[in-house]
Participant: 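Before I ask anything, let me first share the structure, which is written out below as structure tokens.
Each chain gets a letter, A, B and so on, in the order the sequences are listed, and its residues count up from 1. Hydrogens, waters and symmetry mates are skipped; everything else that's a heavy atom, side chains included, is used.
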Amino acid sequence: MRGLPCAKVIFLTAANSPHFLIMSQVRVRFAPSPTGFFHIGSARTALFNWLYARHTGGTFVLRIEDTDKERNTDESLQVLLDGMRWMGMEWDEGPEVGGEYGPYFQSQRQPIYDEYLQKLKDAGRTYEKDGAIWFKLEGERYTEYDDFREKEIEKVKAAPVIIDDAVRGRVERAEELDFVIVRKDGNPVFHFVNVVDDIVMGITHVIRGEDHLSNTSKHVELFNAFGVTPPVFAHIPLILKESGPGKMSKRDKGALIEEYEQRGFLANAVRNYISLLGWNPKDEREKMDIDEIIELFDFPGINKGNSRFDEKKLAALNTEYLREMNVETFTFLARPILHTAGVVKEDADEDYIQSVLSLCQGKARSLEELPDFCRYFFLDNYEMNEKTGAKIAKKADPKELLTEIVPVIEGIEAFTVDALQAVLEAYAESKGAKVFAYFPALRYALSGQGGGPDLLPMLVVLGQARVLARLKAFIG
RNA sequence: GUCCCGUUCGUCUAGCCCGGUCUAGGACACCUGGUUUUCAUCCAGGCAACAGGGGUUCGAAUCCCCUACGGGAUGCCA
């Protein structure tokens with residue numbers, strides 16, 4: 001099954017008339033090239049396509065542009081598919097799920113490209129030069145000195161192409177140079193295969209980064225040459241790096257989706273944040289579940305201006321998601337992270353982990369910081385923060401304070417928050433002091449830190465024996 | 001160089017299409033105060049923007065023009 005039958009589909013769906021659009025099924029695609037990482041910009045393009053498909057009840061196609069044989073390994077593909085799935089963007093057609101318009105790898109579509117190349121040849125729209133095949137623009141030809149290329153060059157006065165962009169409105173641009181569609185090594189170039197695949201796969205809406213806006217005139221020229229009405233284009237703004245000039249590149253911090261997964265960010269939070277980069281629901285909603293985003297997502301909400309990536313905002317959203325989940329889910333997510341960090345052993349007691357994590361869930365800002373945040377619950381060789389130690393020692397000698405307290409704690413029969421509270425308060429009162437005078441020293445001796453979960457519940461979870469042992473060790 | 005796109009608080013953005021309700025709203029960050037027995041949370045408050053210039057108009061963040069700045073394209077990369 002190849003090219004021809006699909007031409008009909010195009011004919012039905014690609015008309016610019018809104019009437020037709022309403023009547024026909026939306027088909028969008030995400031067409032990444034597997035490079036070994038999943039860039040946040042690509043992820044956002046994928047997300048917008050996916051959202052639009054879900055919003056309209058259309059079809060989301062995943063097409064792999066793997067024409068660069070060197071870089072396209074199996075692992076590279078897997079990174080991409082994993083990332084897509086992690087973000088919850090299931091595709092309706094594509095690798096591993098199939099579909100009627102396959103194959104979904106460009107490397108397997110050569111016969112289709114040959115067929116479409118022949119159409120162009122038959123129409124007299126190609127010629128060969130330097131071993132490559134060029135697409136011939138229509139229009140008067142002239143020669144001009146080109147400042148950029150620093151040489152005389154043949155140009156064409158082609159009629160401007162009009163793009164009715166769903167985000168940007170009317171954009172007019174004229175191509176002035178013929179361009180290569182098949183390299184001298186026989187491989188077709190991106191512009192050509194992209195258009196052919198969009199035709200053959202019946203794509204109705206092309207949602208992609210603004211970096212393709214200037215290429216669109218080439219693409220429209222090709223659509224026209226094939227006699228096919230182009231799809232609706234929607235060019236979305238780019239994501240710029242957090243600081244400094246230019247768009248996010250793979251080397252920038254926070255640029256890779258797989259990195260978020262490893263760092264324990266929540267997929268929902270990442271997806272929510274990315275959806276807000278260049279799109280908004282036109283009201284003050286920010287934290288939205290995916291059904292809500294799907295319902296609200298549409299072209300008018302997409303911005304024209306580029307946006308700058310801000311990890312702090314992502315982190316804040318992530319924290320919100322962390323806070324609202326139930327302890328079981330939190331534990332489920334936290335456990336592997338603690339295990340990887342060597343904080344929790346394989347045979348650790350499940351109830352103990354659960355009670356530690358229920359104390360930490362409302363306090364820790366991210367899963368990423370969790371190992372450091374709660375290491376002392378599991379290991380005795382926790383690090384003593386020197387700054388905190390010095391700060392506490394300024395007010396009173398912690399060893400003296402704790403020496404007083406140890407027998408008090410030792411005397412408790414039922415080691416509960418209430419008991420601790422009562423006993424400590426009574427003791428403090430007897431000394432004419434306030435109970436909070438003892439808190440920082442206690443926390444420091446037991447955890448080495450200045451902050452953490454509520455103190456008394458923390459003592460209870462650690463258990464009387466361990467608390468006393470640590471206090472005694474601290475006093476020396 | 002040429003072409004295309006863009007420009008509201010530090011950042012993400014609302015408002016712009018259909019000019020007056022904008023002494024420009026929200027969120028993140030930051031600062032202050034309150035709550036909390038510590039820490040964090042939470043609550044209250046604060047700081048902070050229509051890129052510049054011209055025009056149209058009784059009135060412009062909103063419409064038009066110019067400039068500046070930013071981004072992209074200009075590959076036999078995708």
Participant: Rounding to an integer number of angstrom, what distance separates A60(B) and C65(B) when you compare their C1' atoms?
Facilitator: 15 Å
Participant: What is the per-nucleotide protein-contact pattern of nucleotides 19-33 of chain B, from the 5' end, where B denotes a base atom under 4.0 Å from a protein heavy atom, S denotes such proximity for sugar-phosphate atoms only, and - denotes neither?
Facilitator: ------SBBSS----
Participant: Heavy-atom distance under 4.5 Å between the side chains of R63(A) and M201(A), does that happen here?
Facilitator: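 In contact.
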Participant: Can you tell whether the side chains of E383(A) and R375(A) come within less than 4.0 Å, N to carboxylate O?
Facilitator: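 Here E383(A) does not pair with R375(A) in a salt bridge, since their nearest N and O are not under 4.0 Å apart.
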Participant: Is it the case that K363(A) places NZ or CZ above or below the six-membered ring of F373(A), under 6.0 angstrom from the centre and within 45 degrees of the axis?
Facilitator: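 Not satisfied by the 6.0 Å and 45° rule.
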Participant: Nearest to the side chain of K363(A) - A73(B), C39(B), A14(B)?
Facilitator: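 Closest nucleotide to the K363(A) side chain: C39(B).
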Participant: Report the C-alpha distance between R125(A) and N224(A) in whole Å, list the side-chain angles of each, state the deciding distance to 0.1 Å, and finish with yes or no for side chain to side chain donor-acceptor pair (under 3.5 Å).
Facilitator: CA-CA 11 Å; R125(A) 296 302 301 273; N224(A) 291 344; over 6 Å; no
Participant: Considering only NZ, NE, NH1 and NH2 on the basic side and carboxylate oxygens on the acidic side, decide whether R285(A) and D283(A) come within less than 4.0 Å.
Facilitator: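 Yes.
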Participant: Looking only at side-chain N and O atoms, does R149(A) come under 4.0 Å of OP1 or OP2 in G75(B)?
Facilitator: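 Answer is yes, contact under 4.0 Å.
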Participant: Between U38(B), G72(B), C76(B), spot the one nearest the side chain of L238(A), thanks.
Facilitator: G72(B)
Participant: Would you mind telling me which residue lines up with the more 5' stretch of RNA chain B, F179(A) or N306(A), judged by nearest nucleotide?
Facilitator: N306(A)
Participant: Please name the nucleotide paired to G6(B) by Watson-Crick or G-U wobble geometry with both distances under 3.5 Å, or report none.
Facilitator: C69(B)
Participant: C1' atom, A49(B) versus A40(B): distance in rounded Å?
Facilitator: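 Going atom to atom, C1' in each nucleotide, I get 32 Å.
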Participant: Taking the six-membered ring of Y273(A) as reference, does the NZ or CZ atom of K313(A) fall below 6.0 Å from its centre and within a 45° cone about the axis?
Facilitator: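 Ring-cation test returns no.
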Participant: Using a strict cut-off of less than 4.0 Å between a Lys/Arg side-chain nitrogen and an Asp/Glu carboxylate oxygen, indicate whether R141(A) and D178(A) qualify as a salt bridge.
Facilitator: yes
Participant: Taking N or O atoms only and anything under 3.5 Å, show me the protein contacts with nucleotides 2-5 of chain B, one pair per line.
Facilitator:
unit_1: C3(B); atom_1: O2'; unit_2: R173(A); atom_2: NE; d: 3.4
unit_1: C5(B); atom_1: O2'; unit_2: R168(A); atom_2: NH1; d: 2.4

Participant: What about the rings of F190(A) and H212(A), do their centers lie closer together than 6.0 Å?
Facilitator: yes
Participant: Using atom C1' in both nucleotides, what's the gap between C16(B) and G6(B) to the nearest angstrom?
Facilitator: 15 Å
Participant: Counting only Watson-Crick or G-U wobble pairs whose two distances fall under 3.5 Å, which nucleotide matches G19(B)?
Facilitator: none
Participant: How far does the P atom of U13(B) sit from the matching atom of C9(B), given to the nearest Å?
Facilitator: 12 Å
Participant: Should F148(A) be counted as stacked on U74(B), where stacking needs a ring-centre gap under 5.5 Å and an angle between planes under 30 degrees?
Facilitator: yes
Participant: Report the nucleotide, chosen from U38(B), G15(B), A73(B), that has the shortest atom-to-atom distance to any side-chain atom of K282(A).
Facilitator: G15(B)
Participant: Record whether the side chain of R443(A) comes under 3.5 Å of the base of U38(B) through a donor-acceptor pair of N or O atoms.
Facilitator: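 In this structure, the two groups form a donor-acceptor pair.
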Participant: Look through every strand shown and name the nucleotide pairing with A40(B) as Watson-Crick or G-U wobble, where both distances are under 3.5 Å.
Facilitator: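 Pairing partner, where one exists within any strand: none, as none qualifies.
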Participant: Looking only at side chains, do E404(A) and Y427(A) share a donor and an acceptor under 3.5 Å apart?
Facilitator: yes
